[in-house]
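See below for the structure under consideration.
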Amino acid sequence: MRSLVLFDLHYQHNNPISKTKLDKVAGIEGDFDSLILGGDNAELSTGLQNHRVLFERLRRRFECPIAFVLGNHELWGKLGNVSSWRLIYDIFPELGKEYGFTYLESENLDVESSSFVGTYGHFDYSFLRHDRGVSIEDLLRGTFIVERKKITWKDKINMDWEGKRDGDVCVELVDKFSERIKMASGKPISFSHTIPRLTLNGWPDSPSQYFMEAYSGSNLIGDVLQTSGGEYHFCGHTHARANDKIGKTIVVNVGSDYNLLRYVILDREGETTKLEEREIVIN
Ligand SMILES: [Fe+2]
Ligand SMILES: [Fe+2]
């Protein structure tokens, strides 16, 4: 079974770099038995136009089953006057149905002997390093001063969890992910948009990173992998490549960025799995 794993495409129909990137994706050679989109797949747009163009093109190019989770950029409900809950539980599941894509936040995708299991993940500040000058108040506000410049974490402005705290959002999503991984009928291969341990962040330490890394994921995801993880877990979100092992699970942050298409080809033949990482610079 050959699978293609893509993260952080951030597709935007009117952006030339984005268009070139989609051409490169469509040009990836070979046949696949599954394609997984790991979130921040396209930027939110009126009528989900960016997503529609992306999904249409992928559907035409790849005949295999396609599954997806969302990323934080796809949950910026305030831009369109909808809550992030409606996006994650109503709007995107509907879009998935329309295109025949499996929405991994609701159900697993089973292909041959493998079950693809996934979640957006979210963040809960469990990565905050308390001795690095960033406070929980900074994180809840979403702003931080570095060298007299104010940096802002846009999720805090644009997401709307209808009054629920980030920690509670994370518990809800990760608990369901945990159930799906335990109930998987095949050998699980799992995905989270945000990262399961701080070791998967991929960026060197810096004052701005001490702020941003706290939004990069949650140890709750890592705890699920520790107890119930399969052979591989893939994440993205930080746009920096990293890898680690959690329990018996090999974890890879695919590390795709706006100008850099990074992707993974997973080849599972009986008991052996081969993983190939490739990258294409977009200019
Ligand atoms: Fe991203
Ligand atoms: Fe992201």
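Keep in mind it's a predicted model, so treat the numbers as computed, not measured.
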Between T227 (side chain only) and V224 (backbone N and O only), is there a donor and an acceptor less than 3.5 Å apart?
yes
S135 side chain to D138 backbone, donor-acceptor under 3.5 Å:
yes
For L128 against H130, the heavy-atom pair lying closest together
CD2-CE1, 3.4 Å
Around K156, counting heavy atoms of other residues, nucleotides and ligands shown, do more than 12 lie under 6.0 Å from its NZ?
yes
With sequence neighbours excluded, give me every salt bridge (Lys or Arg N to Asp or Glu O under 4.0 Å) pair touching residues 68-88.
R86-D90
Any idea which heavy atoms bring T238 and N201 closest together, and the distance?
OG1-O, 2.8 Å
Search all heavy atoms of Y263 against all heavy atoms of L6 and return the closest pair with its distance.
CB-CD2, 3.7 Å
Has the side chain of H193 got a donor or acceptor atom that lies under 3.5 Å from a matching backbone atom of G38?
yes
D155 versus W153, side-chain donor and acceptor atoms under 3.5 Å
yes
For G121 against C170, the heavy-atom pair lying closest together:
O-SG, 3.3 Å
Is a side-chain N or O of S126 found less than 3.5 angstrom from the main chain of N219, in a donor-acceptor match?
yes
Taking N253 for its side chain and A240 for its backbone only, find out whether a donor-acceptor pair lies under 3.5 Å.
yes
Hits for side chain to side chain contact (heavy atoms under 4.5 Å, CB included) against E276, two or more places apart or cross-chain, chain-then-number order -> I265, R278
N/O donor to acceptor pairs below 3.5 angstrom from side-chain atoms of residues 60-71, sequence neighbours left out:
{"from": "R61", "atom 1": "NE", "to": "A26", "atom 2": "O", "distance (Å)": "2.8"}
{"from": "R61", "atom 1": "NH2", "to": "I28", "atom 2": "O", "distance (Å)": "2.5"}
{"from": "R61", "atom 1": "NH2", "to": "G30", "atom 2": "O", "distance (Å)": "3.1"}

With Y99 via ring-ring contact (aromatic ring centres under 6.0 Å, His included) - residues at least two apart:
F55
Using a 3.5 Å distance criterion without hydrogens, assess whether the side chain of T152 forms a donor-acceptor pair with backbone atoms of K154.
no
Donor-acceptor side-chain pairing of D175 and S178 below 3.5 angstrom
no
Residues forming a side-chain hydrogen bond (donor to acceptor under 3.5 Å, both in side chains) with S208, sequence neighbours excluded
S206
Under the salt bridge (Lys or Arg N to Asp or Glu O under 4.0 Å) definition, can you give me all pairs with a residue in residues 15-38, not counting sequence neighbours?
D23-R57
Atom CZ of R165 with >12 non-hydrogen neighbours under 6.0 angstrom:
no
Hey, any chance L109 and F101 share a hydrophobic cluster, counting ILVMFWY side chains that come within less than 4.5 Å of each other, even indirectly?
no
Spell out, as yes or no, whether a donor-acceptor pair under 3.5 Å connects the side chain of N41 to the backbone of L9.
no
Would you say the side chains of H122 and S218 form a donor-acceptor pair under 3.5 Å?
no
Mind checking side-chain hydrogen bond (donor to acceptor under 3.5 Å, both in side chains) for S115 and listing every partner two or more places apart, or none if nothing turns up?
D110
Any idea which heavy atoms bring F127 and G217 closest together, and the distance?
CE1-C, 3.3 Å
Within a strict 4.5 Å, meaning less than it, do heavy atoms of the V169 and M159 side chains meet?
no
Do you know which two heavy atoms are closest between S84 and G77, and how far apart they sit?
OG-N, 4.2 Å
Apply side chain to side chain contact (heavy atoms under 4.5 Å, CB included) to N14 and list each qualifying residue two or more places apart in sequence or on a separate chain.
none
Cluster overlap M183 with L104, hydrophobic side-chain contacts below 4.5 Å:
no
In Å and rounded to the nearest 0.5 Å, what is the CG to CG distance from L75 to L44?
7.5 Å
Side chain to side chain contact (heavy atoms under 4.5 Å, CB included) partners of E162, counting only residues at least two apart
S83, W85, D160
Would you check if there is a donor-acceptor pair between the side chains of R141 and T143 at a distance under 3.5 Å?
yes
My understanding is that only residues two or more places apart in sequence, or in another chain, count here; which of them pass side-chain hydrogen bond (donor to acceptor under 3.5 Å, both in side chains) with E43?
H10, H73
Mark yes or no for whether T249, through its side chain, and G230, through its backbone, hold a donor-acceptor pair below 3.5 Å.
yes
Looking at R180 and E105, does any basic side-chain N land under 4.0 Å from a carboxylate oxygen?
yes
T194: what forms a side chain to side chain contact (heavy atoms under 4.5 Å, CB included) with it, not counting sequence neighbours?
Y120, I221, H237
Among residues two or more places apart or on two chains, list those pairs meeting salt bridge (Lys or Arg N to Asp or Glu O under 4.0 Å) that have a residue in residues 228-248.
E231-R268, R241-E277
Short N-O contact, E94 and K97, less than 4.0 angstrom:
yes
Decide whether F7 and F123 are clustered together by the hydrophobic rule: side chain heavy atoms of Ile, Leu, Val, Met, Phe, Trp, Tyr closer than 4.5 Å, transitively.
no
Please examine the side chains of I250 and L275, heavy atoms only from C-beta on, and report whether any two atoms are closer than 4.5 Å.
no
Presence of salt bridge, R52 and E98, under 4.0 angstrom:
yes
